[in-house]
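Worth saying up front: this structure is predicted, and the values here are computed from it rather than measured.
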Amino acid sequence: MESMVTKIILALFLPGLLVVLFTRITFSHIVALILTVALITASVYAGYTHTWLLYIVDALSLTIGFWYATLMMKRGKKQED
């Protein structure tokens, strides 16, 4: 049971943070989202994520991370002008 709690906590934060990190590295929030989805897909295929609750939490975190990365990119472009 504690393993499931750990997976939920990681699913809450890790995908969103990965989107933001990859956005900072690639300078594109779309590419960052694609890379993060690819990593999550690989973890599902490998068997680390196996419940619908984890899928939903991953998707929520991805959405929030993508929203923040988009906001971050807009702020960066506004500061350039």
Original post:
Under the side-chain contact (heavy atoms from CB on, under 4.5 Å) criterion, do R24 and M72 qualify, and how do the steps go?
Top reply: CA-CA 9 Å; R24 298 288 294 180; M72 187 174 67; 3.7 Å; yes

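- Rounding to the nearest 0.5 Å places CD1 of I56 at 13.5 Å from OG of S61.
- Taken to the nearest 0.5 Å, the CE atom of M73 stands 7.0 Å off from the OG1 atom of T23.
- The distance from atom CG of L54 to atom CG of L10, rounded to the nearest 0.5 Å, is 9.5 Å.
- In the hydrophobic clustering of this structure, F22 groups with L14; members are Ile, Leu, Val, Met, Phe, Trp, Tyr whose side-chain heavy atoms approach within less than 4.5 Å, directly or through other members.
- Taken from CG in L53 to CE in M4, the straight-line distance is 5.0 Å, to the nearest 0.5 Å.
- If you chain together hydrophobic residues whose side chains sit under 4.5 Å apart, I9 and L17 fall into the same group.
- Here CG of L12 is found 7.5 Å from CD1 of I8. Values are rounded to the nearest 0.5 Å.
- The two residues A11 and P15 come nearest to each other via the heavy atoms O-CD, 3.3 Å.
- A distance-only check finds a donor-acceptor pair linking the side chain of K7 to the backbone of Y48 [under 3.5 Å].
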Subject >> Check against side-chain contact (heavy atoms from CB on, under 4.5 Å), T36 and L21 >> reply: CA-CA 10 Å; T36 306; L21 175 71; over 6 Å; no

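- The side chain to side chain contact (heavy atoms under 4.5 Å, CB included) test with L35 is passed by exactly one of L39, V37, L33, V31: V31.
- Closest non-hydrogen pair, S43 versus I40, comes out as OG-O, 2.8 Å.
- Put simply, F13 and I64 are part of two different groups of oily side chains (I, L, V, M, F, W, Y) that touch within less than 4.5 Å, one to the next.
- Side-chain atoms of V19 and L62, non-hydrogen and from C-beta on, do get closer than 4.5 Å to each other.
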Subject >> Stepwise side-chain contact (heavy atoms from CB on, under 4.5 Å) test for Y55 and T51 >> reply: CA-CA 7 Å; Y55 298 149; T51 64; over 6 Å; no

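- If you take OG1 on T70 and CD1 on I30, they are separated by 6.5 Å, rounding to the nearest 0.5 Å.
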